[in-house]
Amino acid sequence: MSDAWLSRPDLLRTEGFIAGRWEESDTRYDVLNPATGACLARVTQHGAEAATRAVDAASAALAAWSATTASERAAILRRWHELVLESAEDLARLMTAEQGKPLAEARGEVAYAASFLLWFAEEARRVYGSVIPGNAPTRRLTVIRQPVGVVAAITPWNFPAAMITRKVAPALAVGCTVVLKPSELTPLSALALAHLGAEAGVPPGVFNVVSGEAPAIGEVLTGDPRVRKFSFTGSTAVGKMLAAKCMATVKRVSLELGGNAPFIVFDDADIDAAVSGAIASKFRNSGQTCVCANRFLVQDGIYDRFAAALARKVGMLNAGDGLAGASDQGPLINAAAVAKVERHCADAVERGARILARGQVSGPPEGHFARATLLVDVAPDALLVREETFGPLAGLIRFDHEEEAIRLANDTPAGLAAYLFTADHSRATRVSEALEYGMVGLNTGLISTEVAPFGGIKESGFGREGSQFGIDDYVSIKLVVAEIAPA
Ligand code: SIN
């Protein structure tokens, strides 16, 4: 595909980025547009050797980068933020082309991605230590927070830019260096970000990107003892496997894994707010977010009215090619994702669910489109209740009382995000506290922002990204115990 669709064609990079240089390899792979099946670019297929060189580069750059002042690092991150915003339209177009989300959503993600660069530029100067009252007259105890070292990050295809800056910005802010492996399905956003980072003044070796053979690169990033911190966003199965490998060299690990978000609507909820929240939470990114509502638990007294109101909205959703014109939804990432949605839908229907509404598809037949679908009377043991669907399929389950809602909501190994809609302040407090999740949306379907800690509990992982807490995963705490001579 030609790059004439970008106002800065140089943002379409197809090489790896190691030690500040763009690197080719003998082999390349196709990056496809999921809306049309067209090949967007042939990207360098890097493997273990390139990944090792990227770790070499990050190790070599570490001492000088961690010796810079917080203000110097902050200035570079701030400049990177400005450059991302200046190229926002190009970055959004690249993202829609490789990931599929509608252009309006892609613009939103670029702004979201940029927000982490600015937030952590500001946080860079607040990495405070502490002084502990001595345990003896001649003792002085000081705690300092130091960069953890070389960081390896593996990021997913559903947010091709924001999941990168959410890890890379705090790492760079505190003085770490990074090797990134973006999803091989969406490397173009990552490479464009690296290009802008270099332009902003990120020194060679401080931020490296290798894309290609995922298992081979993963082996290096989890196995190389020089990598001291590993951060992963992706599926629970892969996260568990990678985390286990990291333990051989006892790396610091953070994992942002799959969810199975309950969306609870109580009888006293504002029905319009609950429907808007449901659309935002369930159908954002065509249902391909870890925090998407996955199960709608709706109380008996409001069930039919909520179902009817949500059905009207779902029936109006149109999935199309995000670059070809306005659409509410884009395609799913690939054919397997569409097949999973169809399997979950068929399974629920087999167990007694009814299809109450379906949206439209206006995208080309080559695209991986799935119609937005609303199911009612879903059985509690249906696949879509037990597994993360990761697509535009909403299933409603009826409940009678508060304890039952809490029990159903917590009946999963996942613990990332949960939502509840109620007008009763006491119930809101009780239920928010009882939900076993890292994040709770109360009368809202949108919870993500750079200023708040994002992350889960249970099998959804550990570690927090964004906010003041997002720094913690990239620093080690060092205690200095000083024995001083008595007067
Ligand atoms: C995710 O799906 O992992 C991220 C979603 C978000 O940041 O809102």
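Each ligand, and each atom within it, is numbered from 1 in the order the structure gives. Start at 1 with the first residue, then count along the sequence.
For an aromatic pair to be called close, the ring centres must be under 6.0 Å apart, and Trp80 with Phe207 satisfies this.
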Run through all N or O atoms in ligand 1 and write down each protein N or O closer than 3.5 Å, as a pair with its distance.
from     : atom 1 : to     : atom 2 : distance (Å)
ligand 1 : 2 (O)  : Asn158 : ND2    : 3.2
ligand 1 : 2 (O)  : Cys290 : N      : 2.7
ligand 1 : 3 (O)  : Glu256 : OE1    : 2.9
ligand 1 : 7 (O)  : Tyr112 : OH     : 2.8
ligand 1 : 7 (O)  : Arg166 : NH1    : 3.0
ligand 1 : 8 (O)  : Arg284 : NH1    : 3.1
ligand 1 : 8 (O)  : Arg284 : NH2    : 2.8
ligand 1 : 8 (O)  : Ser448 : OG     : 2.4

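Ile397 places none of its side-chain heavy atoms less than 4.5 Å from the side chain of Phe399.
The side chain to side chain donor-acceptor pair (under 3.5 Å) test applied to Asn208 returns no partner, not counting sequence neighbours. Not a single side chain to side chain contact (heavy atoms under 4.5 Å, CB included) links Ser276 to another residue, sequence neighbours left out.
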Listing, residues 107-118 side-chain donor-acceptor contacts under 3.5 Å, not counting sequence neighbours, or none:
from   : atom 1 : to     : atom 2 : distance (Å)
Arg107 : NE     : Glu89  : OE1    : 2.8
Arg107 : NE     : Glu89  : OE2    : 3.4
Arg107 : NH2    : Glu89  : OE2    : 2.8
Glu109 : OE1    : Lys101 : NZ     : 2.6
Glu109 : OE2    : Ala161 : N      : 2.8
Glu109 : OE2    : Ala162 : N      : 2.8
Tyr112 : OH     : Arg166 : NH1    : 3.0
Ser115 : OG     : Tyr112 : O      : 2.5
Ser115 : OG     : Glu450 : OE1    : 3.4

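A salt bridge is defined here as a Lys NZ or Arg NE, NH1 or NH2 lying under 4.0 Å from an Asp or Glu carboxylate O, and Arg145 with Asp472 meets this definition.
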